[in-house]
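Data block below; observations after.
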2 protein chains.
Amino acid sequence: MIGHHIILDLYCNNNLKLKNVETVQYILNKVVSELTLLKVSESYKQFEPYGATGFILLEESHISIHTWPEFNFAAIDVFSCKPINKDIIIELLSDFFETNNIHVNSIQRGSILN
Amino acid sequence: MIGHHIILDLYCNNNLKLKNVETVQYILNKVVSELTLLKVSESYKQFEPYGATGFILLEESHISIHTWPEFNFAAIDVFSCKPINKDIIIELLSDFFETNNIHVNSIQRGSILN
């Protein structure tokens, strides 16, 4: 097994933090720092009238977020070649977006390899 | 349902095209153009002595690749909010990396939404 891919579909009641790039950028960087991952580069885009998308390329792989405020929804991925604690990710996102409605799917990448 | 996430674990016999950023950048852009997706930005990193990682942020979400030439392995993701033909992706990757050993996982993101 090569990589740990945590796939999170987040549904919240308040879409305020899903609307703008600034909050999206903040929470991605918060996850990266809490997991002590190493940033290579990052890129974001603000959609009009609202909605944001962003990714951070990591030494360990990547983290991404795409938001749909009109559906109170965000799709978040954390992919790392080093072990990561998904409970930390869930807690950070749950606290920040004020929701417990996060559907989590953990996938092992390169699963046929040792 | 909000997004189509195609997760591909690719195993090949020849790691030549997994080693360098140039080939990785080429194939990501090829997939983007064949699927007529719209690029926002892209970022890559060359690892030493070999191995590459890259990401294209799209209007429709993202595409990423991370390679481990030492295992003849690449992890590739295509995530789009518009319908995408996964058979086109598989054919492009299969032809380029000269392998039929591609494990594909299709995930619907935001699946509890209409």
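The sequence lines fix the lettering, A, B, ..., with proteins before strands; numbering per chain opens at 1.
- In this structure, CG on Asn85(A) lies 11.0 Å from CD on Glu34(A), to the nearest 0.5 angstrom.
- Neither the backbone nor the side chain of Ile56(A) comes within contact range of chain B; no heavy atom of the residue lies under 4.5 Å from a heavy atom of that chain.
- A tilted orientation is assigned to the rings of Tyr11(B) and Phe73(B), their planes being inclined by 30° to 60°.
- Contact of Glu42(A) with chain B is not made at all, since no heavy-atom distance falls under 4.5 Å.
- Proximity to chain A involves both the backbone and the side chain of Ser43(B), based on heavy atoms less than 4.5 angstrom apart.
- Only the side chain of Ile107(A) comes within contact range of chain B, with at least one heavy atom under 4.5 Å from a heavy atom of that chain.
- Chain A forms more heavy-atom pairs under 4.5 Å with one residue of Glu59(B), Arg109(B), Lys45(B), His5(B) than with any other, namely Arg109(B).
- Between the OG atom in Ser64(A) and the CG atom in Leu28(A) there is a gap of 7.5 Å [rounded to 0.5 Å].
- Side chain of Thr23(A) to backbone of Lys17(A): a donor-acceptor contact under 3.5 angstrom is found.
- Heavy atoms closer than 4.5 Å to chain A are found nowhere in Glu60(B), neither backbone nor side chain.
- Proximity to chain B is limited to the backbone of Gln108(A), based on heavy atoms less than 4.5 angstrom apart.
- Here His66(A) and Phe79(B) bring their ring centres to under 6.0 angstrom of each other.
- Considering only heavy atoms from C-beta on, Asp77(B) stays 4.5 Å or farther from Leu8(B) through its side chain.
- For an aromatic pair to be called close, the ring centres must be under 6.0 Å apart, and Phe55(A) with His62(B) fails this.
- For a residue to count as touching a neighbouring chain, one of its non-hydrogen atoms must lie under 4.5 Å from one of that chain's; by this rule Tyr44(A) touches chain B with the backbone only.
- Note: Leu57(A) leads Leu58(A), Thr53(A), Leu57(A) in heavy-atom pairs under 4.5 Å with chain B.
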